[in-house]
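Nothing here was measured: the structure is a model prediction, and the numbers come from that model. Heads up: numbering here begins at 1 and tracks the sequence. FYI, side chains are in, hydrogens and waters are out, and symmetry mates aren't considered; it's all heavy atoms of this structure.
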Amino acid sequence: FALGLLEAQTLEAKLSPPPAGLTDDEPGSPLFVKGPIRPPELRHDPVQKVKVPPLSGMPDPGQRVRILHSLANHELQAAELFAWALLAFPAMPRAFRRGCLGILADEQLHCSLYIERLEALGSRFGDFGVTAHFWRKAARIRTPLAFLCEMGLTLENANLDFAQEHAAAARAAGDDATADVLGRVHADETRHVAFAWTWFQKLKPAGEDDWDVYLAHVHRPGGPERARGATFDALARHAAG
């Protein structure tokens, strides 16, 4: 399933959720996939820098679709990277791998919800260029602990703030439907960060300081300064443990 998602050449296949009854009896050997196959309109442009409007652009429907397009791409990258992790770390305990599969399905749903909002505003996913920001992280990740630090404790941690900030901006612009989607993403993201924190505690070297271990497993540019937004949602982080 994970390899099929990464090699899918249609958006429909990318967002097809894990089928019921999947087993993990033969997870195979470690496979570090360099990048996903994507439909032509969603391929990363290695040259062109994709510009996304700031939150101040949310009241303008033309800028709002650009923001939503970027958010949908973030979620698609996240789904792909959890598929990547299932291939890269076959020796991890089944509970870890099941957790990754569940988060992957959440990310697929988030992407679909953003696409629905795009279409409601008269646009579609693929109308604008997309970045490979998350995928650039994967090139340096070689251990489950590094994956948790880069993905869960940095990128998803930051989304605890970004989702709230975007939701407030959307609601202020009168787009309650988009704000509701962002609220759903925020709630799920809190669980995702909790998963990363729980497994970070299980995998980190015994006796070592949490902060030192985290810093040792993230790469610049990145790390703690990228693990938050302009605001800081302390309540969500407490909820995540």
Side-chain angles (χ1 to χ4, degrees), residues 5-6 8-18 36 38-45 48-83 102-135 151-152 155-193 226 228-231 233 236:
L5 186 151
L6 289 175
Q9 299 188 45
T10 67
L11 183 59
E12 181 182 13
K14 289 275 187 193
L15 298 181
S16 179
R38 283 202 173 179
E41 69 274 15
L42 292 172
R43 288 175 187 161
H44 306 131
D45 190 331
Q48 181 181 2
K49 184 175 177 63
V50 178
K51 294 183 178 180
V52 181
L55 278 182
S56 59
M58 193 70 85
D60 177 357
Q63 295 186 63
R64 195 182 314 155
V65 295
R66 296 290 299 270
I67 294 170
L68 284 164
H69 196 278
S70 175
L71 294 175
N73 183 54
H74 286 172
E75 299 293 347
L76 180 56
Q77 287 183 89
E80 290 169 338
L81 280 173
F82 276 96
I103 294 174
L104 184 162
D106 286 344
E107 310 293 13
Q108 290 177 310
L109 175 59
H110 297 167
C111 184
S112 295
L113 292 173
Y114 285 135
I115 291 171
E116 288 178 8
R117 293 306 305 142
L118 273 173
E119 293 174 348
L121 291 168
S123 187
R124 69 181 185 89
F125 195 30
D127 279 351
F128 310 104
V130 295
T131 72
H133 175 61
F134 289 15
W135 271 102
M151 190 67 192
L155 296 176
E156 292 189 297
N157 195 6
N159 210 25
L160 296 178
D161 302 327
F162 294 147
Q164 292 281 65
E165 293 163 4
H166 282 73
R171 207 170 295 281
D175 189 345
D176 289 341
T178 291
D180 289 344
V181 168
L182 284 153
R184 165 66 187 271
V185 170
H186 180 269
D188 289 344
E189 210 73 279
T190 304
R191 292 189 295 99
H192 299 175
V193 175
R226 297 293 181 90
R228 60 166 297 167
T231 58
D233 187 347

### Task
For residues 155-167, pull every pair meeting salt bridge (Lys or Arg N to Asp or Glu O under 4.0 Å), keeping only residues two or more places apart or in separate chains.
Asp161-Arg237
### Message
Can you pull out every salt bridge (Lys or Arg N to Asp or Glu O under 4.0 Å) where at least one residue sits in residues 61-73? Sequence neighbours excluded, please.
### Response
Arg64-Asp175
### Query
Under 4.5 Å between any side-chain heavy atoms of Phe125 and Asn73, yes or no?
yes
### Message
So Leu71 and Val181, do their side chains get closer than 4.5 Å, heavy atoms only?
### Response
no
#### Entry: side chain to side chain contact (heavy atoms under 4.5 Å, CB included) evaluation trace for Leu15 with Leu76
CA-CA 8 Å; Leu15 298 181; Leu76 180 56; 4.2 Å; yes
Please name the pair of heavy atoms, one in [X] and one in [Y], separated by the smallest distance, quoted to 0.1 Å.
X: Ile67; Y: Pro53; value: CG1-O, 3.6 Å
X: Val193; Y: Gly152; value: CG2-O, 3.8 Å
X: Gln77; Y: Ala132; value: OE1-C, 3.3 Å
X: Val65; Y: Leu118; value: O-CD2, 3.2 Å
X: Ala72; Y: Cys111; value: O-SG, 3.4 Å
X: Ala13; Y: Ala8; value: CB-CB, 3.5 Å

Spell out, as yes or no, whether a donor-acceptor pair under 3.5 Å connects the side chain of [X] to the backbone of [Y].
X: Glu80; Y: Leu5; answer: no
X: His44; Y: Val130; answer: no
X: Asp127; Y: Arg124; answer: yes
X: His186; Y: Leu160; answer: yes

Working to the nearest 0.5 angstrom, can you tell me the gap between [X] [atom1] and [Y] [atom2]?
X: Leu68; Y: Leu113; atom1: CG; atom2: CG; value: 11.0 Å
X: Asp188; Y: Asn159; atom1: CG; atom2: CG; value: 10.5 Å
X: Leu81; Y: Leu6; atom1: CG; atom2: CG; value: 8.5 Å
X: Phe162; Y: Leu155; atom1: CZ; atom2: CG; value: 9.0 Å
X: Lys14; Y: Gln108; atom1: NZ; atom2: CD; value: 10.0 Å
X: Leu104; Y: Leu109; atom1: CG; atom2: CG; value: 11.5 Å

### Query
Does atom CD of Glu41 have more than 12 heavy-atom neighbours, drawn from other residues, nucleotides or ligands, at distances under 6.0 Å?
yes
#### Entry: Those residues that, when tested against Glu75, pass side-chain hydrogen bond (donor to acceptor under 3.5 Å, both in side chains) (two or more places apart)
His110
### Query
With under 30° as parallel and over 60° as perpendicular, where do the rings of His69 and Phe128 fit, or are they tilted in between?
perpendicular
### Message
If you apply the rule side chain to side chain contact (heavy atoms under 4.5 Å, CB included), what do you find for Ser70 with His74, and how did you get there?
### Response
CA-CA 6 Å; Ser70 175; His74 286 172; 3.7 Å; yes
#### Entry: Salt bridge Asp180-Arg171, side-chain N to carboxylate O under 4.0 Å
yes
